[in-house]
Amino acid sequence: MLLPDNIHPENSIYFNASLVLETLQEFGKLDMLDLYQNVTKNKKMSFPVYILCLDWLYIINVAEINQGDVKLCS
């Protein structure tokens, strides 16, 4: 769910993608699994939700995914 219709915005892809984006801004370029490990240090997130976040960031041209590496678009 991109935007929840209840009172738990922390379950939304928008919110979780912001955590992924924050980690990407901190480290620059990371392997997909290393990025997941760094994101989940601060907040528990399932791997499927993490993948949906990466999909969302890719769709809106914020992140590039190339051969397992994730980095911010320039």
Side-chain angles (χ1 to χ4, degrees):
M1 102 182 60
L2 289 176
L3 291 175
D5 56 356
N6 56 22
I7 58 170
H8 301 288
E10 66 274 2
N11 295 333
S12 71
I13 299 302
Y14 281 155
F15 177 80
N16 287 302
S18 73
L19 300 175
V20 174
L21 182 59
E22 183 179 301
T23 305
L24 269 177
Q25 288 175 330
E26 182 180 340
F27 291 98
K29 179 180 177 182
L30 285 172
D31 178 70
M32 204 180 265
L33 293 177
D34 292 335
L35 178 60
Y36 178 68
Q37 289 174 346
N38 282 301
V39 169
T40 56
K41 285 180 185 176
N42 298 327
K43 183 189 182 294
K44 187 176 178 181
M45 180 186 306
S46 68
F47 196 73
V49 169
Y50 167 72
I51 295 298
L52 286 172
C53 292
L54 286 181
D55 288 345
W56 178 248
L57 292 173
Y58 177 79
I59 288 170
I60 63 172
N61 289 325
V62 173
E64 289 180 2
I65 303 167
N66 190 9
Q67 297 179 352
D69 290 331
V70 182
K71 68 176 186 173
L72 294 174
C73 288
S74 51

Once rounded to the nearest 0.5 Å, what's the spacing between atom [atom1] of [X] and atom [atom2] of [Y]?
X: N38; Y: E22; atom1: CG; atom2: CD; value: 11.5 Å
X: L19; Y: L24; atom1: CG; atom2: CG; value: 11.5 Å
X: L35; Y: K71; atom1: CG; atom2: NZ; value: 14.5 Å
X: N16; Y: L54; atom1: CG; atom2: CG; value: 11.5 Å

Side chains of V70 and L30, heavy atoms from C-beta outward: is any pair under 4.5 Å?
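Contact flag for V70/L30 side chains = no.
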
Measuring only between side-chain heavy atoms, which start at C-beta, is L72 closer than 4.5 Å to L21?
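Of all side-chain heavy-atom pairs linking L21 with L72, at least one is under 4.5 Å.
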
Is K43 atom NZ crowded by more than 12 heavy atoms from other residues, nucleotides or ligands, each under 6.0 Å away?
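Atom NZ in K43 is packed in, count exceeds 12.
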
Shortest non-hydrogen contact from [X] to [Y]?
X: L52; Y: I13; result: CB-CD1, 3.8 Å
X: C53; Y: A17; result: SG-N, 3.4 Å
X: M45; Y: T40; result: O-CG2, 3.7 Å

Quick one: does Y50's side chain have a donor or acceptor within less than 3.5 Å of a partner on M32's backbone?
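Yes, the answer is positive, given that a donor and an acceptor are paired below the 3.5 Å cut-off.
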
Does I51 offer a backbone N or O that forms a donor-acceptor pair with the side chain of Y36 under 3.5 Å?
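Absent.
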
